[in-house]
Student: 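Below is one structure. I have some questions about it.
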Amino acid sequence: MTFTRRFRPGQVLFGKRRVYQSKAAAIDFEGVCSGDILVFEAIPDRLTSEFLPLVLHSEDFQRHALATSAGSLSPRTNWTDLAKYTFRLPPLGDQRRIAELLWATETAGEMYGRALEALESVRQSWRSEIFSRWTSGPTCSLDELYEVQLGKKLDPKVRVPGQDMRPYLRNINVRWRRFDFTDIKKLSFSGPDRDVLRLRNGDVLACEGRDVGRSAVWRDQLDECYYQNTLHRLRPKNQTLPPDILVEYFSWCSESGRFAKLVGDSLIPHLTAARLRKLSTPVPTPKDALSFLEQLNEFDSTEASLRSQIDRTVSMRNAHIGIML
């Protein structure tokens, strides 16, 4: 990496590459950055340093930056085009008041974010204590509890529009305990494929590569959906280990290094279906499983509430910026 620009406290850094990621931040230290980062500094008698980052995070500016980006694999914008962006500039006193209000909103969002991190830390400790104890008791191979099915292999020949194109999930769409639907692709699925690979309520999807084992429970978020071969679909054969508990177990396997031992030292780890089926899996008593699910529901409810507050603060900030600019 080549470092071509210096920055100082009070300036704002803006990533001109892949601007849809909205990477802009006020800086409180001195350093250097690469050519893919633009360094902005407010002209003191026109624009306050506190107001400048808000402009760069506004939806209108983001649209302008995206429209002026060029390149297919790694689109970049440039200063010449960004300099042409125009917006309504409030008086300096109003800028300070607006910035104070919106940065207070930002602070509230960060507070909720820290609470979310603390909750995950408590959840991780609880998970570790439970599964360390359960794995010392009765266990069995995963394929005694779940059917494991790898998804459809991509084939360019069948990705022609109009040939039974249907939505499917990839590795990137599966996060821990949730799904990201911001970028859903479509693929052609024949009759036999649809019977085997269509997702059902209660299925677990787990990543075969990258963050091995990262998983979430499918709850019919889409009316019809399938999955690629970068994902394993696990369908319960019985009620011994409910899907929500399995996802938490996979999370513990990731945190404790169990998955790392399972896939070996490969630079690009892959969890094969054969290895996954043989994964030693705890067999809790019905009473323990019920107690686990009750506690899990409390964690999930608290997490959902915190995420809702974070989303609300972001929406509030964006709405105010949009109105004021």
Side-chain angles (χ1 to χ4, degrees), residues 21-22 57 103-135 146 169-184 199-207 210-222 225 227 231-236 239 241-259 281-282 284 286-319:
Q21 295 177 340
S22 189
H57 277 294
W103 282 116
T105 304
E106 187 80 9
T107 300
E110 292 175 354
M111 179 188 68
Y112 289 125
R114 288 192 295 271
L116 192 61
E117 292 175 358
L119 177 70
E120 180 55 35
S121 179
V122 172
R123 183 175 186 148
Q124 182 175 338
S125 297
W126 165 76
R127 188 165 51 222
S128 177
E129 188 276 326
I130 294 292
F131 288 118
S132 294
R133 175 160 47 85
W134 282 9
T135 51
Y146 279 81
L169 300 179
R170 300 164 290 151
N171 180 293
I172 197 172
N173 300 122
V174 179
R175 317 313 297 170
W176 279 113
R177 301 188 299 277
R178 62 187 179 87
F179 295 95
D180 182 352
F181 296 104
T182 55
D183 184 18
I184 298 295
L199 293 172
R200 298 181 192 171
N201 188 54
D203 285 345
V204 173
L205 284 172
C207 295
R210 296 185 184 177
D211 189 359
V212 167
R214 190 176 66 220
S215 50
V217 181
W218 182 254
R219 304 192 193 281
D220 285 344
Q221 289 91 336
L222 300 177
C225 194
Y227 59 103
L231 298 171
H232 295 287
R233 187 264 293 150
L234 299 101
R235 184 166 291 162
Q239 298 300 313
L241 194 72
D244 290 294
I245 298 183
L246 180 65
V247 169
E248 292 298 316
Y249 178 59
F250 279 4
S251 187
W252 179 74
C253 287
S254 178
E255 295 158 357
S256 64
R258 285 204 166 197
F259 279 145
T281 308
K287 181 180 178 180
D288 284 345
L290 179 60
S291 176
F292 186 100
L293 290 172
E294 289 173 348
Q295 179 61 62
L296 186 61
N297 184 61
E298 292 187 19
F299 278 121
D300 286 345
S301 297
T302 305
E303 178 180 343
S305 176
L306 289 171
R307 289 192 183 279
S308 176
Q309 293 290 353
I310 292 172
D311 291 342
R312 183 184 300 178
T313 58
V314 172
S315 297
M316 185 184 303
R317 184 198 66 184
N318 292 341

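Excluded from the calculations below are hydrogen atoms, water molecules and symmetry mates; all remaining heavy atoms, backbone and side chain alike, are included.
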Student: Looking at every non-hydrogen atom in both residues, tell me the closest pair between Tyr249 and Arg258 and how far apart they are.
Tutor: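 In terms of heavy atoms, the two residues are closest at OH-NH1, 3.4 Å.
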Student: Could you pull out the closest heavy-atom pair between Phe259 and Gly213, with the gap in Å?
Tutor: CE1-CA, 3.7 Å
Student: What residues, two or more places apart in sequence or in another chain, satisfy salt bridge (Lys or Arg N to Asp or Glu O under 4.0 Å) together with Arg178?
Tutor: none
Student: Taking everything shown except Ile172 itself, do over 12 heavy atoms lie less than 6.0 Å from its CD1?
Tutor: no
Student: Quick one, Leu293 and Pro242 - any side-chain contact, counting heavy atoms below 4.5 Å?
Tutor: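 Yes, close enough: below the 4.5 Å cut-off.
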Student: To the closest 0.5 Å, what do you measure between CG (Leu246) and OG1 (Thr281)?
Tutor: 7.0 Å
Student: Classify the ring geometry between Phe292 and Trp134 as parallel (under 30°), tilted (30 to 60°) or perpendicular (over 60°).
Tutor: tilted
Student: For the backbone of Ala206 and the side chain of Arg214, can you confirm whether one donor and one acceptor N or O come within less than 3.5 Å of each other?
Tutor: no
Student: Within the 4.5 Å heavy-atom criterion, are Ser215 and Leu205 side-chain neighbours or not?
Tutor: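 A side-chain contact is absent here, since even the closest heavy-atom pair is not under 4.5 Å.
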Student: Restricting to non-hydrogen atoms, name the atom on Gly202 and the atom on Pro236 that form the minimum distance, rounded to 0.1 Å.
Tutor: O-CD, 4.0 Å
Student: For Glu255 and Ser251, does a side-chain donor sit closer than 3.5 Å to a side-chain acceptor?
Tutor: yes
Student: Do Arg123 and Asp300 have side chains that approach each other closer than 4.5 Å (heavy atoms only, starting at C-beta)?
Tutor: yes
Student: Any sub-3.5 Å donor-acceptor pair from Asn297's side-chain atoms to Glu294's backbone N or O?
Tutor: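 No.
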Student: Any side-chain heavy-atom pair from Pro284 and Leu241 closer than 4.5 angstrom?
Tutor: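 Sidechains of Leu241 and Pro284: in contact.
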Student: Name the residue from Leu296, Val204, Leu234 that meets the side-chain contact (heavy atoms from CB on, under 4.5 Å) definition with Val247.
Tutor: Val204
Student: State, yes or no, whether a side-chain contact exists between Val122 and Phe299 at a heavy-atom distance under 4.5 Å.
Tutor: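 They are in side-chain contact.
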Student: Taking the side chain from Ser128 and the backbone from Gln124, do they hold a donor-acceptor pair closer than 3.5 Å?
Tutor: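 Not a single qualifying donor-acceptor pair exists.
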Student: Under 6.0 Å from the CZ atom of Arg133, do we count more than 12 heavy atoms belonging to anything else shown?
Tutor: yes
Student: Do the charged groups of Arg175 and Asp180 touch, with an N to O distance under 4.0 Å?
Tutor: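 No.
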Student: What donor-acceptor contacts under 3.5 angstrom involve side-chain atoms of residues 107-120, with partners at least two apart or in another chain?
Tutor:
unit_1, atom_1, unit_2, atom_2, d
Thr107, OG1, Trp103, O, 2.9
Glu120, OE1, Arg177, NH2, 2.9
Glu120, OE2, Arg127, NH2, 3.1

Student: Quick one: pull up CG in Asp220 and SG in Cys225 and give me the separation to the nearest 0.5 Å.
Tutor: 10.0 Å
Student: Is there a donor-acceptor contact under 3.5 Å from the side chain of Ser301 to the main chain of Glu298?
Tutor: no
Student: Any side-chain heavy atom of Ser254 sitting closer than 4.5 Å to one from Asp211?
Tutor: yes
Student: So how far is it from Ile184 CD1 to Gln221 CD, rounded to the nearest 0.5 Å?
Tutor: 10.0 Å
Student: Quick check, are the ring centers of Trp126 and Phe131 under 6.0 angstrom apart?
Tutor: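 Distance test on ring centres: not under 6.0 Å, no.
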Student: Below 30° counts as parallel, above 60° as perpendicular, anything between as tilted: where do the rings of Trp218 and Phe179 land?
Tutor: perpendicular
Student: Contact between Leu169 and Phe181 at the side-chain level, heavy atoms closer than 4.5 Å - yes or no?
Tutor: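 Side chain of Leu169 against side chain of Phe181, heavy atoms only: contact under 4.5 Å found.
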Student: Would you mind reporting whether Glu248 and Ile130 have side-chain heavy atoms less than 4.5 Å apart?
Tutor: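 Side-chain contact under 4.5 Å: no.
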Student: Please report the shortest heavy-atom distance between Ala216 and Val174, naming the atom on each side.
Tutor: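 The answer is N-CG1, 4.1 Å.
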